[in-house]
Amino acid sequence: CLTAQCFFRVFITLLWNGEILLLMCIQPRYCSKLANTSVTPRERKTTVNKFKSQISSGPSFQDFIKGVSVNKTYNAADEEYYDKHSYLSQDLEMGNSRKVYFETYGCQMNVNDTEIAWSILQRKGYQRTVDLSEADVVLLVTCSIREKAEQTIWNRLQQLTTMKKRRLKTHTPMKIGILGCMAERLKTELLEREKLVDVLAGPDAYRDLPRLLTVADGGHQASNVLLSLEETYADIMPVHHAPHGYSAFVSIMRGCDNMCSYCIVPFTRGKERSRPVISILDEVRMLSDQGVKEVTLLGQNVNSYRDTSEEQFCGSDVTKLSQGFKTVYRSKQGGLRFSDLLDRVSRIDPDMRIRFTSPHPKDFPDEVLQLIAERRNICKQIHLPAQSGSSTVLKAMRRGYTREAYLDLVKNIKRIIPEVSLSSDFISGFCGETEDDQQQTLSLIREVGYNVGFLFAYSMRKKTHAFHRLQDDVPAEVKRQRLEECIGVFREEAARVNAALIGSTQLVLVEGESKRSAKDLCGRTDGNMKVIFPKEDVNFPCVSLRPVTLDSQSQTLLDLSIKC
């Protein structure tokens, strides 16, 4: 048999000199037991030829590099190829009916990631359970956007570890895995801190889950947090678990190139890459056939979608931005754009509502807005993250726009879509924020008039531009006070905006019974406002779009949905 030294020399030659010189440098050596055994030239030639055959049929150098294009797309044949050359047999990677329990934290993208991960494990024979006590594998799909979100996971891991220790004497010890952004950001701490985790899988490593779980079953910690330049899971059909089957999330792109100074997403999710339009349309058609009434298109920067998977999409047109907006990266050319995708998706089923999140204000050229205004089934609701009302703070955040440019965009949106509902994100207490900056944010909230808001105190994240270049100099108490001020003003303005809808008739997607009373139903309007109304003549259970007249007497008003 060949020694480790020989294998090392062969591999180095493969990297630098190519296959011909590789074969010239093979030097077979023999174990100590055979050191004095006479080896004929024919036997030596047979050994070399056998090793040459193994190399020629094995993986190439490209297979060892994550994210490198090898001029082919991932398909079923590729899956067979990788299974064939895996050092674990396909039988070992089977789930054998072990039960998996998922807990999902954070954004809608994590909900979609849960569905993708489950689809992969289901293929391998795993079963899903909603009862934690009977789970053999517990997978937490995590978020790293704020410190509070991560601390929630650490606390949960302590609880799960206590439960795991109680089961160690059984025949099926529990395995705990961390998936998603926190796995990528805190890989070392998660593996070393009190040995709380058996498996780590980053956002681009869900295909590897069966192997990782098999390694963990052998008593070892297993980790894959490599980010990919190409992974979109386009060939993985998520297993949708929508409540009552009325709505579903469809991922259309992953990653982000914006590099806002406060944001960890580019470092945990990687660069932008868009899913081919064909696979998106196939998934939406499947959901329509299943009776789903609402689809939300997902992406970290969903409206920067750009499909370059086919040659006819790759023209020379430069990506259009909202007027007055700019990016930190060079202009991108060619590709099927978000307006094209939105057009095609909306034509699949005229009775299916289409939403999208989370967009960036820079990617709202007029053609997108006009399409929303024209199509009856594209919701007249736009999420428009502002983050701050101060141009000084926006510059420090590297958002690519000023207060004035943002307000001009709002005016343009309201001009093209008069009945539009707007929601937004705001961060209180960012680096260098002054009291004057805070007052500008409050005045922006009053001027725009949002229906829904997501407001947070700033939490500095490692790896970000702010962590390396800026100082987190706003005291925690001041952050909390400013956040409360923003929430108060937001509530006042949202109540005013929503009160103006009383007496109007809205098309409501019925979601189920109200939590307040079994006599009432709840649902959401086109503008994503939650309403509660009497059952009356509606047959329940049902999934339907129903006209509802809003009136104060029946308390058919918005749940303000202020998130903090």
Side-chain angles (χ1 to χ4, degrees), residues 106-113 115 238 240-254 274-275 277 280-281 283-288 290-305 337-361 363-364 367-385 413 416-417 419-425 450-454 501 506-512 522-531 543-546 548 558-559 561 563:
C107 64
Q108 294 98 328
M109 199 70 181
N110 281 359
V111 175
N112 184 257
D113 278 5
E115 295 169 346
H240 294 281
H241 281 265
H244 307 297
Y246 62 80
S247 65
F249 298 115
V250 175
S251 174
I252 68 169
M253 58 86 67
R254 301 176 72 85
S274 296
R275 182 177 167 188
V277 65
I280 297 171
L281 298 180
E283 184 174 349
V284 174
R285 288 190 192 99
M286 179 198 72
L287 293 170
S288 175
Q290 292 176 355
V292 170
K293 295 297 182 182
E294 181 179 87
V295 163
T296 301
L297 306 180
L298 290 181
Q300 270 77 35
N301 185 175
V302 66
N303 53 341
S304 71
Y305 176 84
R337 303 297 303 161
F338 184 66
S339 58
D340 302 310
L341 173 67
L342 199 58
D343 173 39
R344 299 186 186 196
V345 169
S346 67
R347 293 179 184 274
I348 291 175
D349 183 350
D351 294 323
M352 174 190 281
R353 272 183 174 171
I354 308 299
R355 299 187 188 277
F356 56 90
T357 196
S358 177
H360 190 287
D363 295 303
F364 277 109
E367 51 261 39
V368 172
L369 301 176
Q370 289 164 356
L371 183 64
I372 295 173
E374 292 169 4
R375 293 293 159 81
R376 181 177 62 86
N377 62 332
I378 301 179
C379 292
K380 309 303 183 283
Q381 182 262 328
I382 292 178
H383 188 60
L384 205 63
I413 291 174
I416 297 175
I417 315 171
E419 67 276 31
V420 70
S421 297
L422 297 176
S423 59
S424 192
D425 298 340
Y450 302 98
N451 297 80
V452 179
F454 302 86
L501 296 174
Q506 304 284 331
L507 195 63
V508 173
L509 175 62
V510 181
E511 298 178 350
C522 68
R524 290 192 179 271
T525 68
D526 186 280
N528 206 28
M529 293 178 290
K530 184 177 180 180
V531 297
V543 178
S544 66
L545 288 165
R546 180 175 185 269
V548 173
L558 167 71
D559 172 3
S561 298
K563 307 294 183 181

> Taking all atoms of both residues into account, what is the closest heavy-atom pair of I354 and S346, and its distance?
Replying inline: CG1-CA, 4.3 Å
> Just how far is it from atom CG of L501 to atom OG of S421, taken to the nearest 0.5 Å?
Replying inline: 7.0 Å
> L369 versus I382: any side-chain heavy-atom pair under 4.5 Å?
Replying inline: yes
>> Quick check: do V531 and Q506 have side-chain heavy atoms less than 4.5 Å from each other?
In response: no
> Going through the distances and angles, do N303 and N301 end up as a side-chain hydrogen bond (donor to acceptor under 3.5 Å, both in side chains)?
Replying inline: CA-CA 6 Å; N303 53 341; N301 185 175; 3.0 Å; yes
> Are any of the side-chain heavy atoms of R353 and L507 separated by less than 4.5 Å?
Replying inline: yes
> Hey, does T357 have a side-chain heavy atom less than 4.5 Å from the side chain of Q108?
Replying inline: yes
> Where the side chain of K380 meets the backbone of I378, is there a donor-acceptor pair that is under 3.5 Å apart?
Replying inline: yes
>> If the condition is ring-ring contact (aromatic ring centres under 6.0 Å, His included), which residues does F364 pass it with, not counting sequence neighbours?
In response: none
> Which pair of heavy atoms, one from P361 and one from P385, lies closest together, and at what distance?
Replying inline: CG-O, 3.3 Å
> So how far is it from Q290 CD to L287 CG, rounded to the nearest 0.5 Å?
Replying inline: 5.5 Å
>> Looking at R355 and D526, is there a salt bridge between them, counting it only when a charged N and a carboxylate O are closer than 4.0 Å?
In response: no
>> Using side-chain heavy atoms (C-beta onward) and a distance below 4.5 Å, is D363 in contact with F338?
In response: no
>> With side chain to side chain contact (heavy atoms under 4.5 Å, CB included) as the criterion, how do R275 and E283 come out once you've worked through the C-alpha distance, each side chain's angles and the decisive distance to 0.1 Å?
In response: CA-CA 12 Å; R275 182 177 167 188; E283 184 174 349; 2.7 Å; yes
> If you round to the nearest 0.5 Å, how far is CD of E294 from SG of C379?
Replying inline: 5.5 Å
> Any idea which heavy atoms bring P238 and N112 closest together, and the distance?
Replying inline: CG-ND2, 4.3 Å
> What's the spacing between M109 CE and L298 CG if we round to 0.5 Å?
Replying inline: 6.0 Å
> Is there side-chain contact between R375 and R347, with at least one heavy-atom pair below 4.5 Å?
Replying inline: yes
> How long is the gap from CG on N528 to NZ on K530, to the nearest 0.5 Å?
Replying inline: 11.5 Å
>> Please find the pair of heavy atoms, one from I280 and one from V250, that lie closest to each other, and give the distance.
In response: CG2-CG1, 4.2 Å
> For L384, does its backbone N or O pair with a side-chain atom of S424 as donor and acceptor, under 3.5 Å?
Replying inline: yes
> Is there a donor-acceptor pair closer than 3.5 Å between any side-chain N or O of D340 and the backbone N or O of R337?
Replying inline: yes
>> If the threshold is 4.0 Å, N to carboxylate O, is there a salt bridge linking D349 and K293?
In response: no
> What is the distance from atom CE of M352 to atom OG of S247, rounded to the nearest 0.5 Å?
Replying inline: 10.5 Å
>> On a heavy-atom basis, which atom in S304 and which in M253 lie closest, and how many Å separate them?
In response: OG-CE, 3.8 Å
> Taking it one step at a time, do I372 and I416 satisfy side chain to side chain contact (heavy atoms under 4.5 Å, CB included)?
Replying inline: CA-CA 9 Å; I372 295 173; I416 297 175; over 6 Å; no
> Is there a donor-acceptor pair under 3.5 Å between the side chain of Y450 and the backbone N or O of D425?
Replying inline: no
> For H383 and F454, which heavy atoms make the closest approach, and how far apart are they?
Replying inline: CE1-CD1, 3.8 Å
